Amino acid sequence: MNKKKLSLISMLLLIILQIPAKEIPLVSSIYQRSYISLNGKWNYVIDPLENGYYDYRLQPFKTAGFFENKKAQDPSDLVEYNLDTSPLMNVPSDWNSQDEQLFFYEGTVWFKKDFPIEKKTGTRYVLYFGAVNYDAKVYVNGKKVGEHIGGYTPFNFDITEVIHDGDNFVVVKVDNKRHKDNVPTVNMDWWNYGGITREVMIAVLPETYIEDYSFQLKDGNTDQLTGWIKLNYPIAGQTVSVEIPELKVKQQLRTDENGKAWFGCKAKPVLWTPEHPKLYEFRLSKENEKITDEIGFRTICTEGKKILLNGKHVFLRGISIHEEAPFRSGRAWSREDAVTLLTWAKELGCNYVRLAHYPHHETMVREAEKMGLMVWSEIPVYWTISWENPATYKNAENQLHDMIYRDKNRCAIVIWSIANETPHSEARDRFLSNLSAYACNMDNTRLISMAMETTRNPETKTIHMEDSMNEYVDIISFNQYMGWYWGNMTEWANANWNIPYDKPVIVSEFGGGALQGLHGDSNRKFTEEYQEELYKYNLQMFDRISGLSGLSPWVLVDFRSPRRQLPGIQDFFNRKGLISDSGNKKKAFYIMKSYYEEKVKDKR
């Protein structure tokens, strides 16, 4: 029997045996596919007791739950909910900023959306969610198609077998309650926005489609490209074409028995840099399918205490950013939100952004790439995680996998971060070293880091950086809040540094709070003048660090946090932003801007 017949038989078997609905590997570059948007108005029902999921014995409903979207057929029918007549909420969004009674709410909300489909044979329909915070259970036409844990990574389900031609509906149970064993854990310093916080769409794909792909420079070389393409089925002998027109690259590849095809060729691309963020149009095609993407090429590595971008020493002039919508409270999700935040970073003089403390929207990463901003991307292993719980580790590893999987082709990302401000212990070291190894195994073309902490000797005015995780990271990064949480600014400005590692150093956080418009003496906290002086003295202190390779002050914009309660000053905002929540720049913004301008001059 020839290979072509074997391939056809394999495909038919896979179709016949396919589970009716399931979570499947993420469809890469979803925005470059053909899709039906489900964004817009969704009905929602607040369910603090989870009556729509559990019966009165606290057992999950097999039937009769809200997911059935049941309608009373007779006046005598008892149906104690109605998704069709429930209020409407915008999706994507968060419920905290859209419904006043949900501002502090943590619990379950049900969402429902009706949608029509003209179902076609030979087509697969994949229901994609950019992010749902935190525990999502998804039902289509009353049937459960799957669930997902984690509030900041995308997921999708093959719903081909559960939809029908005509009217359909999707119901999502969203639960954002915090738990000790979650990632992040119960203790956090940002708003726990609940809801369907990123786009929802149905990808319309051929039966056999390009599921994933990766392209980059080969082994750090600058004149060879390498990569691979993977189909959703392990079918051999399929033809896939690769084109990069500007580089005059065009190849036809054949898939192996795993449905994977390998690519390699000589080429001399212009390398991506912050000053010249060159991206190439990149085309993939096979029978009945075409994908167009933009991909850049660059190398990133370390040499002693230096970070080298394309072989040249680079200083990371950065800022930390939360995924908080500019000019309004709520989760940022749109391209407009991303462009506004990143434009402010560029105005500050940045060539790098730390996207804290979780993977941000794919659009944020893509816009940073276009604008020439290197990216630190992070998972929310934050503060005191349940280090000895295997399920917690698996949750963290899953989120790390999903972050790297989604963004592996984004050349702007130069750092994968595995944690922030975690307390030292053997269990923590095992947990994080395993994450580091996992990240390196998935992607050895980027640098690994984590935001650590320091200790201080007040008598000698010495700051010590000692952490056993130093051997598992490429960059020594730490958060430092001199003049805010500890120390006198003037006394510590000329501190001695003890960092016993031959690796580059990034100060991943520093800063202090200021209410924009509040003025007074420079020794009065929360005034713009205090924040301004704090920045001056901190920068003087950091310039004494041997091997200082970057900064990412905390934070670009004021953001919501339930930990920040001071009336008239914080009002549930962390006020450490260089820009207020209404978009006004504080005095410290210009101190940081001037510092970065001097860094650019020094480079010349």
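Keep in mind it's a predicted model, so treat the numbers as computed, not measured. Computed from heavy atoms alone, side chains included, the values below leave out hydrogens, waters and symmetry copies. Sequence positions, counted from 1, serve as the residue numbers for this chain.
- For the pair N398 (side chain) and K394 (backbone), a donor-acceptor distance under 3.5 Å is present.
- Under a 3.5 Å cut-off, the side chain of K286 and the backbone N or O of T208 do form a donor-acceptor pair.
- Judged by distance alone, the side chains of N133 and T197 never bring a donor and an acceptor atom under 3.5 Å apart.
- Atom OG of S425 sits about 8.5 Å away from atom CG of L432, to the nearest 0.5 Å.
- Under the 6.0 Å cut-off for aromatic ring centres, F169 and W42 do not qualify, their centroids lying 6.0 Å or more apart.
- For the side-chain contact (heavy atoms from CB on, under 4.5 Å) with M450, the lone residue among T422, I379, V381 that qualifies is T422.
- No side-chain heavy atom of L253 sits less than 4.5 Å from a side-chain heavy atom of W228.
- A salt bridge does not link D77 to K71: none of the charged side-chain nitrogens sits closer than 4.0 Å to a carboxylate oxygen.
- Taking the six-membered ring where the residue is Trp, the centroids of F573 and F559 are separated by 6.0 Å or more.
- The six-membered or imidazole ring of Y358 lies near that of W190, with a centre-to-centre distance under 6.0 Å.
- Relative ring orientation between W110 and Y53 is described as tilted, the plane-to-plane angle lying within the 30° to 60° band.
- In this structure, the side chains of R575 and L566 stay at 4.5 Å or more apart for every pair of heavy atoms.
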Quiz prompt | Evaluation steps, side-chain hydrogen bond (donor to acceptor under 3.5 Å, both in side chains), between S580 and D558 | solution = CA-CA 5 Å; S580 74; D558 292 349; 5.5 Å; no
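- Between the side chains of N574 and D189, at least one donor N or O lies within less than 3.5 Å of an accepting N or O.
- Residues satisfying the side-chain hydrogen bond (donor to acceptor under 3.5 Å, both in side chains) criterion with S93, sequence neighbours excluded, are Q98.
- Side-chain contact between W376 and I413 is absent, with no heavy atoms from C-beta onward closer than 4.5 Å.
- Counting only distance, with no hydrogens or angles, the side chain of T392 and the backbone of D181 share a donor-acceptor pair below 3.5 Å.
- Taking the six-membered ring where the residue is Trp, the centroids of H357 and H322 are separated by under 6.0 Å.
- With values rounded to the nearest 0.5 angstrom, E324 atom CD is found 6.0 Å from S329 atom OG.
- Judged by distance alone, the side chains of K41 and N90 do bring a donor and an acceptor atom under 3.5 Å apart.
- Side chains of T363 and R335: a donor-acceptor N/O pair is absent below 3.5 angstrom, by distance only.
- Counting heavy atoms from C-beta on, the side chains of W344 and P326 come closer than 4.5 Å.
- Between K137 and D175, none of the side-chain N atoms (NZ, or NE/NH1/NH2) sits under 4.0 Å from a carboxylate O, so this pair counts as no salt bridge.
- Two residues are said to be in side-chain contact when any heavy atoms from C-beta on lie closer than 4.5 Å; L231 and E211 fail this criterion.
- Looking at D402 and L26, their side chains never come closer than 4.5 Å, going by heavy atoms from C-beta outward.
- In summary, E161 and R124 engage in a salt bridge, as defined by a charged side-chain N under 4.0 Å from a carboxylate O.
- A donor-acceptor contact closer than 3.5 angstrom is absent between the side chains of T185 and N187.
- A heavy-atom distance below 4.5 Å is not found between the side chains of Y44 and L83.
- The side chain to side chain donor-acceptor pair (under 3.5 Å) test with H361 singles out one residue from E199, R198, E323, R331, and that residue is E199.
- E281 has a carboxylate O that lies under 4.0 Å from a charged side-chain N of R283, or vice versa, which qualifies the two as a salt bridge.
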Practice problem: Just do the ring pair (Phe, Tyr, Trp, His ring centres under 6.0 Å) check on Y56 and Y54 with the steps written out, would you? | Solution: CA-CA 7 Å; Y56 76 115; Y54 295 109; over 10 Å; no
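- Judged purely by atom type and a 3.5 angstrom limit, Y125 has no side-chain atom pairing as donor or acceptor with the backbone of A203.
- A cation-pi arrangement is not found for K70 relative to Y81, the charged atom failing to lie both closer than 6.0 Å to the ring centre and inside a 45° cone about the ring normal.
- Residue E378 is tested with R354, Q399, H360 for a side chain to side chain donor-acceptor pair (under 3.5 Å); the sole match is R354.
- Using bins of under 30°, 30° to 60° and over 60° for the plane-to-plane angle, the ring pair Y35/Y31 lands in the perpendicular bin.
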Quiz item: How far apart are the C-alpha atoms of R57 and D55, what are their side-chain angles, what is the distance that settles it, and do they pass the salt bridge (Lys or Arg N to Asp or Glu O under 4.0 Å) test?
Solution: CA-CA 5 Å; R57 302 297 189 195; D55 65 20; over 6 Å; no
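- Side-chain atoms of N51 never come within 3.5 Å of backbone atoms of D47 as a donor-acceptor pair (strictly under, hydrogens ignored).
- Side-chain contact annotation: Y213 with D293, donor-acceptor N/O pair under 3.5 Å present.
- If you run side-chain contact (heavy atoms from CB on, under 4.5 Å) between V170 and each of F157, Y139, F115, only F115 comes through.
- Side chain to side chain, E397 and Y393 meet the donor-acceptor criterion of an N or O pair below 3.5 Å.
- Of the possible polar contacts, one joining the E68 side chain to the A64 backbone as a donor-acceptor pair under 3.5 Å is found.
- Residues D337 and T340 bring no donor and acceptor atom of their side chains to less than 3.5 Å of each other.
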Quiz prompt | salt bridge (Lys or Arg N to Asp or Glu O under 4.0 Å) assessment of E147 paired with K144 | solution = CA-CA 8 Å; E147 55 190 279; K144 187 174 182 179; 2.5 Å; yes
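- A side-chain donor from one of K180 and S386 sits under 3.5 Å from a side-chain acceptor of the other.
- Within the 4.5 Å cutoff, no side-chain heavy atoms of V109 are placed close to those of V45.
- K370 has a carboxylate O that lies under 4.0 Å from a charged side-chain N of E367, or vice versa, which qualifies the two as a salt bridge.
- A donor-acceptor contact shorter than 3.5 Å links the side chain of D74 to the backbone of S76.
- F67 CZ to K173 NZ: the interatomic distance, rounded to the nearest 0.5 Å, is 11.0 Å.
- Taking the six-membered ring for Trp and thresholds of 30 and 60 degrees, F572 and W191 have ring planes more than 60 degrees apart, a perpendicular arrangement.
- Salt-bridge formation is detected for the pair D443/R446: a Lys NZ or Arg NE/NH1/NH2 atom is positioned less than 4.0 Å from an Asp or Glu carboxylate oxygen.
- In this structure, K408 is positioned above the aromatic face of Y405, its NZ or CZ under 6.0 Å from the six-membered ring centre and within 45° of the axis.
- Residues R33 and E289 are paired through a salt bridge, judged by an N-O separation under 4.0 Å between the basic side chain and the carboxylate.
- In terms of the side-chain hydrogen bond (donor to acceptor under 3.5 Å, both in side chains) criterion, W387 has no residue partners (sequence neighbours excluded).
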Self-check item: Test log, rule side-chain hydrogen bond (donor to acceptor under 3.5 Å, both in side chains), inputs T239 and R254
Solution: CA-CA 5 Å; T239 300; R254 303 281 280 183; 2.5 Å; yes
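- Ring planes of H148 and F155: parallel class, angle under 30° (limits at 30 and 60°).
- At least one donor-acceptor pair closer than 3.5 Å links the side chain of Y134 to the backbone N or O of V183.
- Taking CG of N39 as the reference point, atom CH2 of W333 lies at 6.0 Å (rounded to 0.5 Å).
- Between the side chain of N168 and the backbone N or O of G166, at least one donor-acceptor pair lies under 3.5 Å.
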